[in-house]
Amino acid sequence: MDMSAAEIKRAASAQPHPSSPPVEPNGSEILVRCLQAENVKFLWGYPGGAVLYIYDALYKQDTIEHVLVRHEQAAIHAADGYARATGNVGVALVTSGPGVTNAVTGIATAYMDSIPMVIITGQVPTAAIGLDAFQECDTVGITRPIVKHNFLVKDVRDLATTLKKAFHIARTGRPGPVVVDIPKDVSQKTTPFHYPQSVEMRSYNPVRKGHGGQIRKAVQLLLAAKRPYIYTGGGVVLGNASAELRELVNLLGYPCTNTLMGLGAFPASDPKFLGMLGMHGTYEANMTMQNCDVLLAVGARFDDRVIGNPKHFASVERKIVHIDIDPSSISKRVKVDIPIVGDVKDVLQELIAQIREAQARPDVQALSAWWGQINEWRKRECLSYKNSTEVIKPQAVVEKLWELTKDRDTYITSDVGQHQMWAAQFYRFDEPRRWINSGGLGTMGVGLPYAMGIKLAKPDADVFCITGEGSIQMCIQELSTCLQYKTPVKIVSLNNRYLGMVRQWQELDYGGRYSHSYMDALPNFVKLAEAYGHVGLLVEKPSDVEPALREAIKLKDRTVFLDIRTDPTENVWPMVQAGKGISEMRLGSEDL
Ligand SMILES: Cc1cc2nc3c(=O)[nH]c(=O)nc-3n(C[C@H](O)[C@H](O)[C@H](O)COP(=O)(O)OP(=O)(O)OC[C@H]3O[C@@H](n4cnc5c(N)ncnc54)[C@H](O)[C@@H]3O)c2cc1C
Ligand SMILES: Cc1ncc(C[n+]2csc(CCOP(=O)(O)OP(=O)(O)O)c2C)c(N)n1
Ligand SMILES: [Mg+2]
């Protein structure tokens with residue numbers, strides 16, 4: 001009689017007879033036990049020769065759900081998306097050689113945005129390393145510049161401690177991806193299992209508490225400010241300090257902005273929020289940045305997309321306080337006056353306590369004049385756009401999506417391009433970890449795997465991927481994974497038939513020479529979605545946008561691909577062009 005897959009699995013995992021001598025686990029079983037000890041529930045991966053013992057060990061357990069992706073890049077992105085949405089360490093598994101090289105883009109993406117991950121890579125047997133063995137590559141060498149740390153485990157007796165270290169490094173301090181490279185013989189050899197409770201690393205001791213004296217100086221400066229500004233970034237999300245940030249801003253009544261990576265850490269619906277700042281930030285957010293006299297930077301790294309031309313930024317006198325857990329982020333691009341190295345949650349708590357105890361209070365008159373100026377800047381209504389009944393405006397799609405989903409349990413992922421900026425500008429995030437995108441590396445292709453990773457962990461939530469017809473094709477094969485693992489996501493493709501962000505730069509900076517930015521011969525996305533077993537909907541008229549979005553939401557258990565034909569000529573405004581200062585914005589094509 002044929003056995004079912006479940007029966008085979010049960011037989012394979014059957015415990016040895018109680019009287020038989022205890023069997024030492026092999027490296028692969030040790031890996032699984034370590035992942036279990038770390039409470040890992042999901043693992044995204046792709047098998048191959050070097051990891052077959054590991055896959056065998058996965059077969060014999062049932063606490064970790066492994067998701068077989070269709071390309072290793074997507075395994076890393078899915079685990080990364082899961083980590084961004086949950087705050088847990090994301091875990092992925094790939095084989096040696098091409099498995100690793102396919103994973104590189106995903107690892108670099110997580111590294112640039114400081115995402116906690118552990119990536120297990122298979123390696124050729126230790127004796128074959130360096131001999132140009134089949135599917136060998138120097139994983140530690142290739143990934144060194146794009147990981148927080150990496151390890152090559154040469155002895156199975158070191159495996160458990162190495163994994164403990166990997167998880168510890170990934171999630172503490174400034175988070176980041178850690179690669180653990182496991183040669184095939186190490187995954188096969190046996191040794192007694194012991195998972196350490198804690199690990200000590202002499203050279204790795206991230207600081208959590210900020211320096212009390214520095215915090216005191218910061219409090220004095222903040223309370224004496226006439227034109228204060230609170231500039232916050234991804235560090236607030238990563239450090240789970242959104243509640244503390246809200247408390248601080250409410251206590252002081254100062255204006256607040258978020259970077260692209262910090263959206264949701266402070267509620268977009270709060271009147272003290274000036275919108276995102278930077279290259280595609282609001283007029284008021286950027287003007288406030290340029291004209292403030294005291295700037296409190298919290299978990300933000302003065303990225304070039306935020307400060308624009310550094311010379312222009314430095315041309316204005318302002319005092320800067322910078323809270324960051326990574327000392328190397330401080331005074332890296334902009335010289336700061338009061339550095340505070342520490343965890344944003346701890347430091348903000350201390351800062352709030354000291355402000356409450358201080359005698360001084362914010363200068364009410366100065367603050368009211370400052371808000372008066374900010375409200376003048378606001379009157380420019382820099383995000384307004386001309387809606388149309390003829391052609392679908394991408395901004396209107398995002399606004400409608402926000403209206404329909406704002407009171408639901410919703411996650412929004414995006415890819416990279418114009419659609420990403422419209423999503424950031426027009427979807428108003430009130431909570432952290434709801435906006436999931438690639439900021440630092442700007443990786444096209446992340447949107448669908450991010451959505452798929454999140455949906456697995458948050459099965460009751462609606463997960464939307466706002467994408468473009470260019471980006472979605474970079475990991476479109478994952479539609480197949482969505483079907484197999486029942487992770488129904490909603491793809492909102494703003495299809496402008498252009499690599500729109502490239503086209504926009506070519507229009508503005510390259511004399512309208514649209515060199516290879518037009519996408520011809522696009523697939524029929526509706527049929528493509530159907531071929532993968534999903535629902536596809538073509539949306540060509542503005543009046544069809546809302547019904548299509550409603551239909552997608554209604555089809556709770558289906559992956560729905562909305563191919564929305566948007567205005568191909570639309571640009572993202574405001575824009576700080578390359579080389580310009582952040583207050584030298586173009587607000588629209590009439591500024592040309
Ligand atoms: C097409 C495109 C356009 C873009 N346009 C814009 C734009 O207009 N505006 C914009 O803002 N960005 C934009 N970006 C994103 C930009 O490239 C950067 O990714 C982003 O600005 C960096 O955000 P951040 O400063 O918050 O840093 P993050 O990369 O989020 O870094 C977080 C910082 O916080 C620190 N940190 C981490 N954890 C903690 C903790 N627990 N405690 C204290 N500190 C901590 C880290 O050390 C780091 O310095 C764009 C990206 C793309 C792809
Ligand atoms: C992997 C990768 N390759 C190239 C780029 C450069 N790039 C940034 S945006 C963009 C166009 C994106 O086109 P699409 O997905 O259609 O989005 P749109 O800008 O049209 O909304 C390109 C090519 C990138 N960010 N990532
Ligand atoms: Mg496009």
Side-chain angles (χ1 to χ4, degrees), residues 73 105 109 111-116 172-176 206-208 210 231-241 257-263 265 275-282 285-286 297-308 322-330 332-333 340-348 394 414-425 437-447 466-475 493-505 516-519 522 566 568 570-572 574-576 582:
Q73 178 182 347
T105 299
T109 302
Y111 178 67
M112 289 295 281
D113 291 340
S114 306
I115 306 303
T172 53
R174 178 178 185 166
V207 180
R208 281 195 71 88
Y231 148 58
T232 76
V236 179
V237 178
L238 295 164
N240 298 313
T257 182
N258 291 155
T259 65
L260 181 76
M261 301 317 291
L263 293 178
M276 180 175 83
L277 84 171
M279 177 176 273
H280 293 297
T282 66
N286 285 356
V298 191
R301 55 183 174 82
F302 294 90
D303 186 83
D304 51 287
R305 296 237 150 169
V306 166
I307 61 159
H322 189 185
I323 304 170
D324 203 293
I325 201 157
D326 181 357
S328 82
S329 269
I330 291 188
K332 187 178 211 160
R333 309 196 67 251
I340 305 173
V341 177
D343 178 60
V344 65
K345 200 178 182 75
D346 286 44
V347 175
L348 285 185
S414 99
D415 266 302
V416 170
Q418 291 182 311
H419 60 272
Q420 176 190 20
M421 294 298 110
W422 287 314
Q425 293 174 331
N437 80 136
S438 161
L441 200 66
T443 308
M444 290 170 69
V446 293
I466 299 179
T467 184
E469 80 298 335
S471 294
I472 192 66
Q473 293 189 77
M474 288 216 176
C475 274
S493 179
L494 302 178
N495 181 351
N496 52 9
R497 280 79 75 209
Y498 273 107
L499 298 173
M501 188 54 97
V502 174
R503 187 201 56 70
Q504 174 165 347
W505 283 54
H516 304 281
S517 53
Y518 181 70
M519 280 246 172
L522 285 166
T566 56
E570 192 63 46
N571 284 333
V572 180
M575 181 178 186
V576 178
I582 55 158

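For ligands, and for the atoms within them, numbers begin at 1 and follow the listed sequence.
- For ligand 1, the polar-atom distance check against G440 finds a nitrogen or oxygen pair separated by under 3.5 Å.
- Heavy-atom proximity to G417, at under 4.0 Å, picks out these atoms of ligand 2: 9 (S), 19 (O).
- In summary, no N, O or S atom of N495 is located under 2.8 Å from the Mg ion (ligand 3).
- Between D324 and G299, the shortest heavy-atom contact is OD2-CA, 4.2 Å.
- The ligand atoms of ligand 1 that sit less than 4.0 angstrom from a heavy atom of G342 are 42 (N), 43 (C).
- Remark: minimum distance from atom 33 (C) of ligand 1 to any protein heavy atom is reached at G299 O, 3.4 Å.
- At under 3.5 Å, not a single nitrogen or oxygen of V416, backbone or side chain, sits near a nitrogen or oxygen of ligand 1.
- In this structure, the protein non-hydrogen atom closest to atom 12 (C) of ligand 2 is V416 O, 3.4 Å.
- Counting protein heavy atoms only, atom 16 (O) of ligand 2 is closest to G470 N, 3.0 Å.
- When each atom of ligand 1 is checked for a heavy atom of M279 under 4.0 Å away, the hits are 7 (C), 8 (O).
- Around the Mg ion (ligand 3), the two atoms OD1 of N496 and OE1 of E469 are separated by an angle of 80°, to 10 degrees.
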Passes side chain to side chain contact (heavy atoms under 4.5 Å, CB included), E570 versus W422? Steps please. CA-CA 11 Å; E570 192 63 46; W422 287 314; 3.7 Å; yes
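- Near H419, the atoms of ligand 2 lying under 4.0 angstrom from a non-hydrogen atom of the residue are 15 (O), 17 (O), 18 (P), 21 (O).
- Of the candidates R174, M112, K332, R301, R301 brings a heavy atom nearest to atom 27 (O) of ligand 1.
- Inter-residue side-chain proximity for R503 and N496 is flagged as unmet; no heavy-atom pair is nearer than 4.5 Å.
- Against a heavy-atom cut-off of under 4.0 Å, G442 is close to the following atoms of ligand 1: 53 (C).
- In this structure, L522 and Q473 have side chains that are in contact, with non-hydrogen atoms separated by less than 4.5 Å.
- Considering only non-hydrogen protein atoms, atom 36 (N) of ligand 1 sits nearest to G235 CA, 3.6 Å.
- Residue S114 has no nitrogen or oxygen atom sitting less than 3.5 Å from a nitrogen or oxygen atom of ligand 1, judged on distance alone.
- Closest approach of I466 and L494 over heavy atoms only: CG2-CD1, 4.0 Å.
- F302 does not carry R333 over the face of its six-membered ring by the limits of under 6.0 Å from the centre and within 45° of the normal.
- Near G500, the atoms of ligand 2 lying under 4.0 angstrom from a non-hydrogen atom of the residue are 13 (O), 18 (P), 19 (O), 20 (O).
- Between Q418 and N571 there is a side-chain heavy-atom pair separated by less than 4.5 Å.
- With hydrogens left out, the protein atom closest to atom 20 (C) of ligand 1 is M261 CG, 4.0 Å, a heavy atom.
- Counting heavy atoms from C-beta on, the side chains of D415 and M474 never come closer than 4.5 Å.
- At a 3.5 angstrom cut-off on N or O pairs, D343 counts as close to ligand 1.
- Taking only nitrogen or oxygen atoms, main chain and side chain alike, G233 does not reach within less than 3.5 Å of ligand 1.
- Using a 4.0 Å cut-off to heavy atoms of G278, the atoms of ligand 1 that qualify are 8 (O), 9 (N).
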Walk me through whether L277 and V306 qualify under side chain to side chain contact (heavy atoms under 4.5 Å, CB included). CA-CA 6 Å; L277 84 171; V306 166; 3.8 Å; yes
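- Each of the atoms 14 (P), 15 (O) of ligand 2 lies under 4.0 Å from some heavy atom of S471.
- Contact annotation: V502 has at least one heavy atom less than 4.0 Å from an atom of ligand 2.
- For ligand 1, the atoms lying closer than 4.0 Å to a non-hydrogen atom of L277 are 7 (C), 8 (O), 9 (N), 10 (C), 11 (O).
- Expressed to the nearest 0.5 Å, how far OG1 of T566 lies from CD of E469 amounts to 7.5 Å.
- Distances below 4.0 Å separate heavy atoms of S329 from the following atoms of ligand 1: 47 (O), 48 (C), 49 (O).
- Proximity annotation for atom 7 (N) of ligand 2: of E469, M444, E570, M444 comes nearest, heavy atoms only.
- Annotation for A300 and T259: closest pair CB-CG2, 4.2 Å, computed over non-hydrogen atoms.
- When every heavy atom of G439 is checked against every heavy atom of L260, the shortest pair comes out as CA-CD2, 4.1 Å.
- In terms of polar-atom proximity, defined here as any N/O pair under 3.5 Å, L238 makes no such contact with ligand 1.
- When the heavy atoms of G439, G173, A424, P116 are ranked by distance to atom 19 (O) of ligand 1, first place goes to G439.
- With respect to atom 30 (O) of ligand 1, the closest heavy atom belonging to the protein is G234 CA, 3.2 Å.
- Contacts with ligand 2 closer than 4.0 Å are made by side-chain heavy atoms of N496 only, the backbone lying farther away.
- Near M276, with a cut-off below 4.0 Å to any heavy atom, the atoms of ligand 1 are 7 (C), 8 (O).
- Here the protein heavy atom with the shortest distance to atom 11 (O) of ligand 1 is L260 N, 3.0 Å.
- Atoms of ligand 2 lying under 4.0 Å from at least one heavy atom of Q418, given by number and element, are 18 (P), 19 (O), 21 (O).
- Scanning all protein heavy atoms for the shortest distance to atom 2 (C) of ligand 1 gives R305 NH1, 3.1 Å.
- Among the atoms of Y498, an N, O or S atom is found under 2.8 Å from the Mg ion (ligand 3).
- Nearest protein neighbour of atom 24 (P) of ligand 1, counting heavy atoms only, is T259 OG1, 3.6 Å.
- The side-chain heavy atoms of S471 and Q420, taken from C-beta on, include no pair separated by under 4.5 Å.
- For the residue pair G308 and I582, the shortest heavy atom distance occurs at N-CG2, 3.6 Å.
- Ligand 2 has an N or O atom lying under 3.5 Å from an N or O atom of M501, backbone or side chain.
- The single protein non-hydrogen atom nearest to atom 46 (C) of ligand 1 is D324 OD1, 3.4 Å, given as residue, atom name and distance.
- Proximity to D326 (heavy-atom distance under 4.0 Å) selects the following atoms of ligand 1: 47 (O).
- Ligand 2 does not have Q420 within reach: every non-hydrogen atom of the residue lies 4.0 Å or more from it.
- Inclusion of G262 in the set of residues having an N or O under 3.5 Å from an N or O of ligand 1 is not warranted.
- Rounded to the nearest 0.5 Å, atoms CZ (R174) and CG (D343) are 13.5 Å apart.
- In terms of N/O distances under 3.5 Å, ligand 1 is not approached by M421.
- Considering both main-chain and side-chain atoms, N258 never comes within under 3.5 Å of ligand 1 through any nitrogen or oxygen pair.
- Considering backbone and side-chain atoms together, T443 places no N or O closer than 3.5 Å to any N or O of ligand 2.
- Of all the listed residues (S438, S493, G468, G442), G442 holds the heavy atom that lies closest to atom 25 (N) of ligand 2.
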